[in-house]
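Here is the naming used below: chain letters follow the sequence lines, and residue numbers restart at 1 for every chain.
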Amino acid sequence: MTEDQAVVVQEELRPLVDLVGPGPSAPATVAGLDVAYSPGGDLLAAAVTVLDARTLTVVDSAVGVGRPAFGYVPGLFAFRELPALLTALDRLRTVPDLLVCDGHGLAHPRRFGLACHLGVVTGLPAIGVGKTPLVGTWDPPPGERGAWSPLRDGGDVVGRVLRTRDGVKPVFVSVGHRMSLANATAQVLALTPRFRLPETTRTADRLCRDALSRTEHPD
DNA sequence: GCGACAG
DNA sequence: ATCTTGTCGC
C-alpha cells in the first residue's frame, strides 16, 4: 500500500468513528497496547495486557511478533503497528472493556489516529494516550495531578493535555472510539495512581520488550 | 520554500 | 521506536 492509499483508507474509515458513546464509566477490564522494535527496526513485537480495572493487576495478555507493515510516517502510524496489534488482540482469551493505545486518537491531522483505527476495527471503546504531541496547540495545565487544558487544532478540541503526576510533564489524551473526552480523562487518571503513564501502557511496554528480547535471543 | 512531525 | 553520553535529583 502506498502513502496515498493509506490516507484514502483513513478517510474512508473516519466516518465510522463513534463520537457519541460515553463509554463505560466503570470498566471491569482495561487493555494496554504497545510495540517494541529491534535495534535495526526490521522486527517488532506487539503486546496487549488486560488489567483488572479495580486492582490494576494483569489478568490476561498476548503477543504478536512480525515485521513493520509500513514505514514510519507521522499521521500513518497505525499502518505500521496495527497488524501485529490485531494479532495480539486475537490471541487474547478475554474481551477487554476499553483499549488504551500508545499514541493519539482524534488528535491527528485527519482525526483518525491509531486509537480511532483500532477502535473502529475492533468495535471496542478506545482512547489514545500520547507522550508527545502530533497536532494542536495548548496552554500548560496547572502543576497538580488531575489538571488539564484543551488541545485545539483547526478550531476543534481534539483532546486534553493532562497532568497525571504533580510537577511532571503532562500526557496527551484523545478519544479513539465510543468514548467521551471527559470519560477518557477519568479513565487515564484511574490508571495513573503512581506513574506518569497508565499502568496499562507500562505493563504492555514491559511485555513487548520481553517478547522481542526472547525472539532475538532464543535460549 | 522551510521546518515539524504519535511510535 | 532505539542508540548513547552526560546530568539532575531523590
Side-chain angles (χ1 to χ4, degrees), chain A residues 3 6-7 9-10 13-14 17 31-49 63-88 99-121 126-138 143 151-154 156 158-162 164-177 181 184 188 194-198 200-217:
Chain A
E3 293 184 20
V7 170
V9 170
Q10 289 183 328
L13 295 180
R14 175 176 53 190
V17 173
L33 304 91
D34 194 21
V35 174
Y37 293 84
S38 60
D42 46 310
L43 195 64
L44 62 76
V48 184
T49 53
V63 173
V65 177
R67 301 277 181 193
F70 209 84
Y72 172 63
V73 181
L76 300 177
F77 181 58
F79 293 88
R80 185 168 171 78
E81 300 193 339
L82 205 63
L85 286 170
L86 291 176
T87 296
L99 303 181
V100 178
C101 306
D102 196 24
H104 300 288
L106 295 179
H108 175 277
R110 290 170 293 281
R111 307 291 180 262
F112 197 73
L114 173 66
C116 299
H117 207 140
L118 267 169
V120 165
V121 168
I127 65 176
V129 180
K131 297 179 285 293
T132 61
L134 174 60
V135 296
T137 60
W138 68 95
L151 176 63
R152 294 191 172 87
D153 183 56
D156 301 324
V158 297
R160 285 180 181 175
V161 182
L162 175 66
T164 55
R165 302 295 304 157
D166 290 356
V168 172
K169 179 163 60 156
V171 298
F172 297 78
V173 178
S174 59
V175 166
H177 186 58
L181 185 51
V188 171
R194 171 131 197 231
F195 298 102
R196 174 188 178 228
L197 296 179
T200 40
T201 300
R202 292 167 47 79
T203 53
D205 178 79
R206 187 170 169 183
L207 178 57
C208 64
R209 288 195 205 221
D210 288 352
L212 184 65
S213 177
R214 276 182 269 119
T215 302
E216 290 177 307
H217 313 296

### Task
Indicate the ring-plane relationship of A:Y72 and A:F77, choosing parallel, tilted or perpendicular according to the 30° and 60° boundaries.
perpendicular
### Query
CG of A:L85 versus C1' of B:dA6: gap in Å, rounded?
13 Å
### Query
Within less than 4.0 Å of OP1 or OP2 of B:dA6, is there a side-chain N or O belonging to A:K131?
no
### Nearest-Å distance for atom pair CG/P, residues A:L118 and B:dG7
15 Å
### Query
Nearest 0.5 Å, what's the NZ-NE2 distance between A:K131 and A:H104?
9.0 Å
### Query
To the nearest 0.5 Å, how far apart are CG in A:L33 and CD in A:E81?
10.0 Å
### Message
If I take atom CG in residue A:D42 and atom P in nucleotide B:dG7, what distance separates them, rounded to the nearest angstrom?
### Response
21 Å
### Query
In whole angstroms, how far is the P atom of B:dG7 from the CG atom of A:L114?
10 Å
#### Entry: Protein-nucleotide distance (A:L134, atom CG; C:dA1, atom C1'), rounded to Å
15 Å
Do any N or O atoms of the protein come closer than 3.5 Å to N or O atoms of nucleotides 5-10 of chain C, and which pairs are they?
none

### Message
Could you tell me how far apart A:L76 (CG) and B:dG7 (P) are, to the nearest whole angstrom?
### Response
15 Å
### Message
Considering every strand and a 4.0 Å limit on heavy-atom distances, what is the contact class for A:G75: base, sugar-phosphate, or nothing?
### Response
base
### Query
Which of parallel (below 30°), tilted (30 to 60°) and perpendicular (above 60°) describes A:F70 and A:F79?
tilted
### Task
Whole angstrom is fine here: how far is it from CZ in A:F77 over to P in B:dA6?
9 Å
### Message
I'd like to check A:V17 versus A:V120 (side-chain heavy atoms, cut-off strictly below 4.5 Å). Are they in contact?
### Response
yes
### Query
Is the phosphate of C:dA1, meaning OP1 or OP2, less than 4.0 Å from a side-chain N or O of A:Y72?
no
### Query
In terms of side-chain geometry, is the basic nitrogen of A:R209 or A:D34 positioned less than 4.0 Å from the acidic oxygen of its partner?
no
### Task
Output yes if the stacking criterion (under 5.5 Å between centres, under 30° between planes) is met for A:F172 over the base of B:dA6, else no.
no
## Note on the structure
Taken to the nearest whole Å, CZ/A:R111 to C1'/B:dA6 is 14 Å
### Query
In terms of side-chain heavy atoms of A:P39, which of B:dA6, C:dC3, B:dG7 is nearest?
C:dC3
### Message
Any side-chain N or O of A:T132 below 4.0 angstrom from OP1/OP2 of B:dG7?
### Response
yes
### Query
When we call it a touch if two heavy atoms are under 4.0 Å apart, what does A:G130 touch: a base, just sugar-phosphate, or nothing?
sugar-phosphate
### Task
Mind checking A:P109 for me? I need base, sugar-phosphate or nothing, with any heavy atom below 4.0 Å counting as a touch.
nothing
### Task
Indicate, with a heavy-atom threshold strictly under 4.0 Å, whether A:A36 touches base, sugar-phosphate, or nothing.
sugar-phosphate
## Note on the structure
Between A:H108 and A:V135, the two heavy atoms sitting closest are N-CG2, 3.6 Å
